[in-house]
Each structure stands twice: as structure tokens, then as C-alpha cells.
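Here is how names work: the chains are called A, B, and so on, in the same order as the sequence lines, proteins then strands, and each is numbered from 1.
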2 protein chains.
Amino acid sequence: MLHAMPRSGQPQAFELVLAWVDAQILEGRLGVGDHLPAERELAASLDVSRAAVREAVRTLQAQGVVNSFVGAGPGGGTVLTSVPSRALSRLLRLHVALANFPLPDVIEVRIALERLSARLATVNASDDDLADARRALEVMRDPSIDRQAFNDADTEFHVALATAAGNRLASDLTAAIRESMRLPILDRFRHLRDWDEVVGDLRSDHEAIFAAIERRDADEAERLVEAHIRSAWLALTHVPGDALFEPLPEDELAAWEGAEGGDLIS
Amino acid sequence: MLHAMPRSGQPQAFELVLAWVDAQILEGRLGVGDHLPAERELAASLDVSRAAVREAVRTLQAQGVVNSFVGAGPGGGTVLTSVPSRALSRLLRLHVALANFPLPDVIEVRIALERLSARLATVNASDDDLADARRALEVMRDPSIDRQAFNDADTEFHVALATAAGNRLASDLTAAIRESMRLPILDRFRHLRDWDEVVGDLRSDHEAIFAAIERRDADEAERLVEAHIRSAWLALTHVPGDALFEPLPEDELAAWEGAEGGDLIS
DNA sequence: AACCCGCTAATGGTCGGACCATTCAGCGAA
DNA sequence: TTCGCTGAATGGTCCGACCATTAGCGGGTT
């Protein structure tokens, strides 16, 4: 791993700040909940401009390491946080959009992660976790549900399982991956015709997965999760005939556009 | 997913820039290799200060989406890139250091990812990929190798397998996870006494994994990878007795410190 | 005609200073 | 004791200036 030496041998000013913060974290002098020194103060002590400090703070913010609040006292300032999931989501979403991560690759990773989550959930799931998942299931059971709401509940269900697994990295990655695929999948949904059939399959898939986890059957849960994701993906990509696809009415399209998940940083 | 509305309802200036870039990417008007408008130009057209644009660029840089170069013409400017691995590494490393991601959780995810990689590698590995892995194996075969070099070759081997799998997300995540664990593992290595025994086990593990992949035995490769990672982790954590641990000589410690992986952004 | 050199413009990198909006803590008045 | 005001501290934003680096152009030399 090389240092970042853009042009000359001089590190950039904001990198000095990053290096300083890194060191504080590595040496345990800064932890979640602690405040960074005030921007003016930090700038003076590291002998860089305040702009450089702010650029470093933006970097840390983009990595989900820090969050800033205006105002004096404990309520203000830049605080070490612990919300990697948003940062991961945005990172994956951008790179999926840039086609650095092809969707089939993403699917394979998602299967690997959710298999792990399913297995862990059979061991670690608390009653509360199961209740969350069950709630999502009930939403999806509504026969009059529209595609958007179903998709949201679907996401909720999978995230609930990932959370139930009790593995923060796995659940954050799972949530991030689902979010990164949200737009591409929505795009495919738009042209999907046999919605009723697909939604029926998804519903029964979910019920079966939940049942397996509830009865603590790890192997079956793992198997079902993989089968579920694969078949759902196939239903969205493999097109037996053009007859399956038709454009949606304009007004319905508009409703979906409105739900854009344009989360930014903090 | 909510928008980031820190204080008032007004989005921050740099978020306007991020939103603009996002839109360009989503709508396909910007792709890898394209140049962002010059900072002054972008600032003028979005009616924000240049500082705001720069903060947005830092955010994108932290996400591995962009890279900046000084100077005029095609060689200069801010360019859309496709290097998510460094960004992922830094993100994971920081959050592992902040204990947002407990190491046991990271290990479980690593196993899931490397099992996937091993399976895919039995299908997709090219001769070149296998040659890379073989080279790392040969380095590790050297009986007089020191811990640092062995660890590097070990990383190389696993990354080579992940690359051989042909799944960019899986390989980038694998590399990032390994990097994020580098310092913590080095920390444990420092106190490990029975190095010769451990290194022998690791060596034979690697050889067996490679052989399984070479003969295209997916199930066995998967099984061996999981067993390997678990046993290696156990060797580093599970301490049968304090006799296994002893501090290293000072000079050896210093050599390790020098290899700090302080990669920053670009 | 071909080559070389230096100038100019464009770009990101850096800085200092200024002002705003928000928040909190402390103090004084009721 | 309680309310309210005020001042200080903080991040948010902008402006303008200057620097270092780079590419491209144009003139001069060979």
C-alpha cells in the first residue's frame, strides 16, 4: 500500500489532517462520540488552512466516520460517529451506476452474504428481530399492495434478517447492496408485466425462509435464501418472451420517480 | 432513505454539487474516464463557491469515484475513476479501528466471501490467475522467510484467488477486508511465539486450497478455505497458555512499524 | 521542413479573511 | 427560582488572491 503522493513528494494539506485523525483513532485517543477539535483550532495546530481541515472533514464524513453540527457546546462541533451503512450504500450505489460492479457480480455477493445472515439468524435472532421480519411479511401479504410498497417491505424483510444475524458488517453490507440495486431493479420492475405471478412467488419464498429461521433450521434457511434471490433475479432478467413486458402507465411511473432514494452523506 | 437536511431545510452547498454529479452519472452523461467541469466553471454554473465544489470533490474522491490532477488540458482536471478498492479499504479499516465492526464479525464475512471466491475460481480461473497464486505460494515455501514477507505473500495469495474468481465486488471486498484486518492481525502476530508451527499449517492449507482449485473441485475448495481461515484465526486468538506468547525483539518490531499501510485517498 | 524553446492559459492546491446562522452557557432581571 | 437576553463558540459559505503544474501554441533556430 503506497502513500498518496499526487504530484511532488508533498502530501496535500487535507491529507495531513486525515493522517492526524487516523493516528488519533489508531492510538485510541479518539473514539465514537468524541469531538474533533474545532476547525479553526485544528487548522492552527496543524498549520494548515481551515479549508484544508474542512476538506478532510468531508472525506471523513463520506466514510461515515464523522458528523458535523453547528453551534457551540456539546451539541455542536464535529463528532466521531458510527454509521458506516450510509457511506457503504452511497459508495456501492455510485460504483454500480458506473458499472464498476456488474449486477450479476453484486447478486453473487449478495447471496453469499444473505446465506451467512440466514444461518446466523437461526442462532442469534431475538424475538424482537423476528417480530420485525414478521411485520414486513404481513405488509407483503396484503393482496392490494402496489409494487413500490411491496418492494419496500421486501427490503425491510431482508434487512431485518440481516440485523437478526447480529453481524454488523454483514447487515450493513446487505443493506448497502440492496440499496445499490434499488434503482436498477426498479428500472426492471417498470417493464415487468406478470407482476401478480412474481409477487406470489416472492411472498411464498419469504414465508418459507421465515419459517425455517423460526424453527432454527440453518441449512434449510440458507438454501431457501439462495434459491429465493436467484429466482427473483431470474424473474427480473430472464425474459421468456417480450409478451411479459409492457410499459407502465405514465402516472404510475411518476409515483415511483418521486420515491427516489437520494440520500447523501450525513 | 431520507435526504440529508442537517439544520434547516436547506441542503448544504456541497450537496448540491454532489447531487448534480450523481444525476450526471445516473443519467449516463458522465462515465469512467470523463472529466468533471473545472472547479471554477462548476462553481459558477451551480451558483456555489469554489470551496463548496472542492468539498464535494473530496467526498467523491473518498468514495473512489474521482481523481484530481493539476494542470491544463487532458492531463489535468478531475476525472471519473473506477478504483473502489482503496476507498473500501480505508472505510473498513477506520470502522474496524473504531470497533464498529468487531473482528469476529469481519471474519465471518470474510469466510463467506472467500468461499464464494474459491467456488468461482474453480470455474473462472485463467492460467495467468493461477500463475499469480502459484507465485505467492512459492514465496511462502521459502523456509527462511520472515513473518512480514510471509504475511504479504499470504495476502497476495488470497487476493489472487479473489481476482481469479472474476467477481470484482467480491475481490475488492476481500482485499479491503484483508487490509482492514492487517494492523489488528499484525498486533497479534507480535506476541505469537510458535511461529514455525503456525506457518507450517498455513503453508499446507494454502497448498491444499490451490490444488483443489487447480483440479476444479469447487466443494473441496470451499470447505478448505473456510477451514483455513477459521484455524488461522484460532491460532491468533485462542491462546492455550501464555507460554505461546512472548514479546518480539525491538528491532523486529520496528521493521513492522515501517510498513504501515497508511494509504489515504487517491 | 523539422525541431526546440519559452510563453501563456487553464487547472487544481492553498491560504486568509470575512460574514452568517445556529447553539449553548452564563448572567442578570423579574 | 425562573425566564430571557446576550455573548461566545461552532460549522457553513463565500470571495479573492496567489502558487505549482501542465498542455498547447507560436516563434525562432537549425
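We find that CD of A:Q61 is positioned 12 Å from C1' of D:dG12, with the value rounded to whole Å. Rounded to whole Å, the distance from CG on B:N67 to P on C:dG13 is 10 Å. B:Q12 places its CD atom 12 Å from the P atom of C:dT22, with the value rounded to the nearest Å. Taking atom NE2 on B:H35 and atom P on C:dT11, their separation rounds to 10 Å, with Å as the unit. For B:F14 and D:dC14, the CZ to P distance is 12 Å, given to the nearest whole Å. In this structure, B:Q10 atom CD and D:dT13 atom C1' are separated by 13 Å, rounded to whole Å.
Two residues, A:A52 and B:P37, neighbour DNA chain C, and the one matched to the more 5' nucleotide by heavy-atom proximity is B:P37.
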Between the protein and nucleotides 6-10 of chain D, which nitrogen or oxygen pairs come in under 3.5 angstrom?
residue	atom	partner	partner atom	Å
D:dT10	O4'	A:G71	O	3.3
D:dT10	O2	A:G71	N	3.3

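Among the protein residues, A:V48 comes within range of the sugar-phosphate backbone only, with heavy atoms under 4.0 Å from sugar or phosphate atoms but none that close to a base.
In this structure, OG1 on A:T81 lies 10.5 Å from CZ on A:R86, to the nearest 0.5 angstrom. Separating the CZ atom in B:R90 from the CG atom in A:L60 is a distance of 6.0 Å, to the nearest 0.5 Å.
In terms of polar N and O atoms assigned as donor or acceptor, the side chain of B:R50 comes within less than 3.5 Å of the base of C:dG12 in a complementary pairing.
In this structure, of C:dG13, D:dT13, C:dT14, it is C:dG13 that holds the atom nearest to the side chain of B:S68.
Applying the side-chain hydrogen bond (donor to acceptor under 3.5 Å, both in side chains) test to A:D105 and every residue at least two apart in sequence or in another chain returns nothing. Here B:E108 pairs with A:L116, A:N167, B:R230 under the side chain to side chain contact (heavy atoms under 4.5 Å, CB included) rule; sequence neighbours left out. In this view, B:S85 satisfies the side-chain hydrogen bond (donor to acceptor under 3.5 Å, both in side chains) rule with no residue, not counting sequence neighbours.
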Sequence neighbours left out, cut at 3.5 Å: what donor-acceptor pairs do the side chains of residues 25-32 of chain A make with other protein atoms?
residue	atom	partner	partner atom	Å
A:E27	OE1	A:R29	NH1	3.0
A:E27	OE1	A:R29	NH2	2.2
A:R29	NE	A:Q24	OE1	2.9

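OP1 or OP2 of C:dG13 sits under 4.0 Å from a side-chain N or O of B:R58. Close to D:dC15, at under 4.0 Å from its OP1 or OP2, lies no side-chain N or O of B:R54.
Legend: ring-ring contact (aromatic ring centres under 6.0 Å, His included) pairs involving residues 157-180 of chain B, not counting sequence neighbours, sorted by first then second residue: B:F157-B:H206, B:H158-B:H206, B:H158-B:H228.
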